[in-house]
There are 2 protein chains.
Amino acid sequence: MNTADHTVLRRFANGVHDHGRCVSGAMAKAELACAASGRRLTPLRRRVLELVWGSHLPVKAYDVLAILGQERAQAAPPTVYRALDFLQSVGLVHRIASLNAFVGCGEPQRGHVGQFLICTQCGAVAELADPALAQRVRRSAERLGFAVQRETIEVEGVCRSCRTSPVVLGPSP
Amino acid sequence: MNTADHTVLRRFANGVHDHGRCVSGAMAKAELACAASGRRLTPLRRRVLELVWGSHLPVKAYDVLAILGQERAQAAPPTVYRALDFLQSVGLVHRIASLNAFVGCGEPQRGHVGQFLICTQCGAVAELADPALAQRVRRSAERLGFAVQRETIEVEGVCRSCRTSPVVLGPSP
DNA sequence: GTTCATGTGTTACTACATAACAAATCTGGT
DNA sequence: ACCAGATTTGTTATGTAGTAACACATGAAC
Ligand SMILES: [Zn+2]
Ligand SMILES: [Zn+2]
Ligand SMILES: [Zn+2]
Ligand SMILES: [Zn+2]
């Protein structure tokens with residue numbers, strides 16, 4: 001596995017892997033990030049973050065809510081959305097606007113430029129951090145006198161894994 | 001007004017201008033685009049397109065519905081969404097995912113690469129068509145074996161007009 | 001004018017997100 | 001330990017966005 005590419009914050013989960021490591025790694029980084037910024041990673045927030053990291057697919061807020069509701073009696077939409085807002089503010093999760101869904105950030109300490117690749121086949125999401133690309137967007141905007149605050153790039157396509165071994169949908173049962 | 005920049009498909013409406021010209025021009029182009037592709041620009045679809053072009057701000061589907069409901073008794077969500085779906089398929093309007101809103105496309109015949117500048121002050125939206133930028137995104141994705149189908153870039157910031165004459169919000173009445 | 005495709009009306013529903021206020025919990029100072 | 005203020009969570013209700021399914025109407029093609 002090529003881990004040398006420093007522009008990939010979150011890679012596609014191609015094939016089998018020890019996803020427990022993904023999760024535990026993410027949780028460890030989350031603890032650090034919160035401690036560093038003096039924010040509190042409460043059990044609820046921690047649990048929501050775990051659920052977002054449940055797979056490499058983007059996760060819907062109401063899916064998190066459904067699972068949370070099985071674990072604790074008291075779980076309503078604000079419960080989840082507040083936790084997600086917090087996690088976003090610390091940079092631990094990102095919201096994919098085109099999907100109304102959330103993904104965990106692989107490198108919360110690194111600057112997030114909001115570049116996402118979304119596979120239309122398997123639904124997985126990768127996150128990039130290509131500073132040159134961000135710079136290019138900035139320049140293009142500035143030629144119009146536009147001062148960029150935040151840039152979001154969401155690219156739909158087909159990931160390598162799905163290109164090499166395409167998913168063939170069988171007939172409905 | 002600098003109209004020489006061929007990468008700007010839809011500019012910010014800085015200051016006063018004859019917006020009737022914007023609308024009539026857009027409608028004329030819409031007629032052409034539909035005729036060219038053999039699609040039918042029915043009165044309903046035409047009216048929805050006019051409403052989307054009502055201002056240079058992105059327009060919400062339910063706002064269109066509210067106005068439409070005053071004009072014709074029969075107007076429900078599907079009425080608007082179907083018209084918007086059609087207009088999108090012809091390239092006459094674009095959906096801004098981060099706003100859940102729609103804007104008219106200034107150049108429906110040109111290829112749409114989905115590059116938008118969104119002013120957080122005045123809410124106006126400009127559309128760019130920077131092929132080099134699109135190419136850059138494509139290359140960045142392809143290095144990961146990702147085959148791009150559609151790329152959406154939504155940049156938040158402050159437009160020139162709002163930077164030079166910032167809007168100061170007065171106290172609530 | 002019959003046929004078939006396309007477009008529209010209508011009802012009902014699902015999904016996504018936030019407002020507002022109450023209760024609980026944590027924090028720092030005494 | 002105690003209190004006061006801030007933060008977090010519970011709770012109820014509501015607002016906002018989008019779609020499924022089917023009936024009916026309209027248009028073009030033959
Ligand atoms: Zn994993
Ligand atoms: Zn895939
Ligand atoms: Zn105008
Ligand atoms: Zn502005």
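Numbered from 1 within each chain, the chains take letters A, B, ... in sequence-line order. Keep in mind that what you see is a predicted model, and the values were worked out from it rather than measured.
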With a cut-off of less than 4.0 Å, is there a side-chain N or O of [X] near OP1 or OP2 of [N]?
X: A:Asn100; N: C:dA17; result: yes
X: A:Lys60; N: C:dC16; result: yes
X: A:Arg72; N: D:dT9; result: no

Quiz item: Of all heavy-atom pairs between B:Leu41 and B:Phe86, which one has the smallest distance, and what is that distance?
Solution: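 Minimum heavy-atom separation between B:Leu41 and B:Phe86: CD1-CE2, 4.3 Å.
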Without decimals, in angstroms, what is the distance between [X] [atom1] and [N] [atom2]?
X: A:Asp85; N: C:dC16; atom1: CG; atom2: C1'; value: 13 Å
X: A:Gln88; N: C:dA17; atom1: CD; atom2: C1'; value: 12 Å
X: A:Phe86; N: C:dT18; atom1: CZ; atom2: P; value: 17 Å
X: B:Leu84; N: D:dT19; atom1: CG; atom2: P; value: 11 Å
X: A:Leu44; N: C:dA24; atom1: CG; atom2: C1'; value: 14 Å
X: B:Leu87; N: C:dT8; atom1: CG; atom2: C1'; value: 15 Å
X: A:Leu65; N: D:dT11; atom1: CG; atom2: P; value: 13 Å
X: B:Tyr81; N: D:dA17; atom1: OH; atom2: P; value: 7 Å

Minimum-distance nucleotide to [X] side chain [options: [options]]:
X: B:Thr42; options: D:dG10, C:dC16, C:dG7; answer: C:dG7
X: B:Thr79; options: D:dG10, D:dT19, C:dG9; answer: C:dG9
X: B:Arg95; options: D:dT8, C:dT10, D:dA17; answer: D:dA17
X: B:Gln74; options: D:dT12, C:dA17, C:dG9; answer: C:dG9
X: B:Pro78; options: C:dG7, D:dT19, D:dT9; answer: D:dT19

Quiz item: Hey, does A:Arg40 reach any base, or is it just sugar-phosphate, or nothing, if we go heavy atoms under 4.0 Å?
Solution: sugar-phosphate
Quiz item: Quick one: do A:Val103 and A:Leu57 end up in the same hydrophobic cluster if we chain Ile, Leu, Val, Met, Phe, Trp and Tyr together by side-chain heavy atoms under 4.5 Å apart?
Solution: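 Shared cluster, no.
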Quiz item: Using 30° and 60° as the class limits, which term best fits the ring planes of B:Tyr81 and B:Tyr62: parallel, tilted or perpendicular?
Solution: perpendicular
Exercise. Report yes if a donor N or O on one partner sits less than 3.5 Å from an acceptor N or O on the other, where the partners are the side chain of B:Tyr62 and the base of D:dG15; otherwise report no.
Key: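 Between D:dG15 and B:Tyr62, which were checked side chain against base, a qualifying N/O pair under 3.5 Å is absent.
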Practice problem: Kindly say whether, by distance alone, the side chain of A:Arg82 makes a donor-acceptor pair under 3.5 Å with the base of D:dG10? | Solution: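 Flag set: donor-acceptor pair detected.
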Quiz prompt | Electrostatic pair B:Glu142:B:Arg139 at N-O distance under 4.0 angstrom | solution =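 A salt bridge is absent here (no side-chain N lies under 4.0 Å from a carboxylate O).
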Quiz item: Between B:Ala61 and A:Pro77, which is nearer to the 5' end of DNA chain D once each is assigned its nearest nucleotide?
Solution: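 Mapping each residue to its closest nucleotide by heavy atoms, the 5'-most match is A:Pro77.
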Quiz item: When rounded to the nearest 0.5 angstrom, what distance separates CZ in B:Arg72 from CG in B:Leu44?
Solution: 5.0 Å
Quiz prompt | DNA chain C: 5'-proximal contact among B:Arg45 and A:Asp63 (nearest heavy atom) | solution =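 On the 5' side of the pair lies B:Arg45.
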Exercise. Mark yes or no for whether A:Arg39, through its side chain, and A:Ala33, through its backbone, hold a donor-acceptor pair below 3.5 Å.
Key: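 Judged by distance alone, no pair lies under 3.5 Å.
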